[in-house]
Amino acid sequence: MKSNNFGIAIHGGAGTISKSSMTSEKEKAYSDALALALDEGYNALENGASSLDAVEIAVSHLEDSPLFNAGKGSVYNAQGKHEMDASIMDGSNLEGGAVAAVELVKNPIRLARKVLHHSDHILLIGEGASIFAKQHQTVFENEAYFHDDFRYAQWQKIKDSDSFQLDHSDKPKQYLGTVGAVALDPNGNLAAATSTGGMTNKKYGRVGDSPIIGAGTYANNKTCAVSCTGSGEYLMRCMTAYDISALMEYQGLTLAEAGEKAIKETLLKLGGDGGVVSIDYQGNIAMPFNCDGMYRASRNQDHRLIKIYK
Ligand code: ASP
């Protein structure tokens with residue numbers, strides 16, 4: 001049965017985002033980019049698209065914006081390249097698709113969706129993912145497309161060290177810019193999608209939480225849909241996206257309670273920073289994070305919200 005209860009939430013990464021380091025122009029640019037992705041995803045839902053379509057649409061808009069660390073504008077790894085990760089999950093049947101360490105793919109989230117539908121595997125990486133991409137009409141871009149002056153400067157500062165950092169953060173070991181979306185459609189189906197360039201100066205071949213089903217992305221119609229951002233090495237150890245779903249399923253917590261526990265207790269205790277956007281099977285939305293800020297936005301019939309700081 002169709003319902004009027006649908007909604008979407010998106011993020012553009014979490015980390016050290018201080019108001020003092022923002023200009024009003026920059027703030028407006030981020031808000032506008034979030035608004036575009038949010039509204040395109042929401043309008044798709046309103047026009048009958050599935051949650052899977054809506055999260056793919058929202059995330060690919062964020063990938064196309066150089067402001068975020070995904071697709072165009074992805075961070076530089078230790079070799080000065082862009083290796084991107086993405087995953088998508090369908091809460092109606094628990095099917096997932098993901099790619100890791102892919103290069104030159106314009107929209108890694110679209111490739112992840114193709115893996116979901118056209119492969120018997122869930123996660124394809126590197127060269128193998130490229131071969132699959134070429135067999136499935138994927139749009140590639142050249143190196144120059146992915147370049148961004150700000151990200152290049154970020155990398156130059158730490159490239160001779162062993163440290164790596166989250167995008168949108170000035171201090172080493174701080175992240176940001178990964179993008180993600182979760183949605184509930186009028187048929188009661190949940191979906192989640194996440195896409196990232198990873199962390200500045202990450203080692204060649206490093207893969208974080210974003211393309212790992214259960215760590216960075218999870219959706220289950222019985223509980224919720226979750227997309228994470230933050231320190232991948234910690235999110236993977238906490239299985240944060242699945243943790244939130246499991247807390248709801250096995251402990252009967254609400255979405256908000258489960259998110260608070262997973263992000264502000266479990267992840268934080270281990271030393272990880274980050275946050276999630278999440279939506280449950282009833283359309284409740286929660287966007288908890290344990291750091292200074294998270295680019296985030298949400299929309300349903302009752303509200304439309306775009307926020308950056310705490
Ligand atoms: N979670 C991402 C990663 O570790 C980074 C981020 O969220 O910005 O690859």
Side-chain angles (χ1 to χ4, degrees), residues 10-17 30 34 59 62-63 65-71 73-78 81-87 98-103 108-109 112 123 125 148 150-151 154-155 158 163-182 192-218 226-244 262-263 267-268 270-278 287-296 308:
I10 63 170
H11 70 77
T16 313
I17 320 172
Y30 276 106
L34 287 169
V59 166
L62 295 167
E63 286 177 335
S65 163
L67 295 174
F68 303 104
N69 169 22
S74 284
V75 296
Y76 284 85
N77 71 5
K81 294 196 161 182
H82 309 281
E83 284 189 322
M84 300 171 287
D85 306 332
S87 66
V99 292
V102 294
E103 291 181 50
I109 200 64
L123 172 60
I125 65 164
D148 178 76
F150 169 71
R151 299 254 149 62
Q154 267 184 332
W155 176 57
I158 60 167
S163 69
F164 54 94
Q165 73 179 36
L166 277 176
D167 186 39
H168 302 306
S169 287
D170 290 336
K171 299 184 221 143
K173 276 233 163 195
Q174 291 172 344
Y175 323 76
L176 256 175
T178 289
V179 306
V182 292
T194 311
S195 179
T196 188
M199 290 164 77
T200 301
N201 209 36
K202 66 183 181 179
K203 291 280 182 272
Y204 178 56
R206 178 267 187 187
V207 172
D209 61 299
S210 307
I212 307 298
I213 297 293
T217 304
Y218 195 73
V226 181
S227 169
C228 299
T229 174
S231 40
E233 278 65 16
Y234 294 86
L235 291 160
M236 289 163 92
R237 289 156 68 199
C238 295
M239 292 303 279
T240 300
Y242 177 71
D243 193 26
I244 293 174
I263 298 298
L267 182 66
L268 197 61
L270 206 64
D273 44 20
V276 301
V277 290
S278 59
M287 304 189 282
F289 54 97
N290 66 19
C291 41
D292 290 346
M294 179 165 84
Y295 296 106
R296 62 201 187 277
I308 299 178

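In listed order, ligands and their atoms are each counted from 1.
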Between [X] and [Y], is there a donor-acceptor pair closer than 3.5 Å when you use the side chain of the first and the backbone of the second?
| X | Y | answer |
| --- | --- | --- |
| Asp85 | Ala101 | yes |
| Trp155 | Asn77 | yes |
| Arg237 | Gly232 | no |

Element-labelled atoms of ligand 1 that are located less than 4.0 Å from some non-hydrogen atom of [X]:
| X | answer |
| --- | --- |
| Thr178 | 2 (C), 5 (C), 6 (C), 7 (O), 8 (O) |
| Ser210 | 1 (N), 2 (C) |
| Asp209 | 1 (N), 2 (C), 3 (C), 4 (O) |
| Met199 | 4 (O) |
| Thr229 | 6 (C), 7 (O), 8 (O) |

Margin query: Could you work out, for atom 2 (C) of ligand 1, the closest of Gly198, Gly275, Gly208, Gly230 by heavy-atom distance?
Written below: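 It is Gly230 that holds the nearest heavy atom.
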Next item on the list: Name the option, out of Met84, Arg206, His11, Lys202, that contains the heavy atom nearest to atom 4 (O) of ligand 1.
Entry: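 Shortest heavy-atom distance from atom 4 (O) of ligand 1: Arg206.
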Item checked: Electrostatic pair Lys202-Glu233, nearest N-O below 4.0 angstrom ->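 No salt bridge links Lys202 with Glu233.
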Item checked: Met294, portion touching ligand 1 at heavy-atom distance under 4.0 Å ->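 Near ligand 1, Met294 shows nothing, with every heavy atom at 4.0 Å or more.
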Notebook entry, point to check: Thr217 and Thr194: side-chain donor and acceptor closer than 3.5 Å?
Noted result: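 A pair is found: one side chain offers a donor N or O, the other an acceptor, under 3.5 Å apart.
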Margin query: Do Met294 and Ile308 make a side-chain contact, defined as non-hydrogen atoms from C-beta onward lying under 4.5 Å apart?
Written below: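 Not touching, per the 4.5 Å side-chain cut-off.
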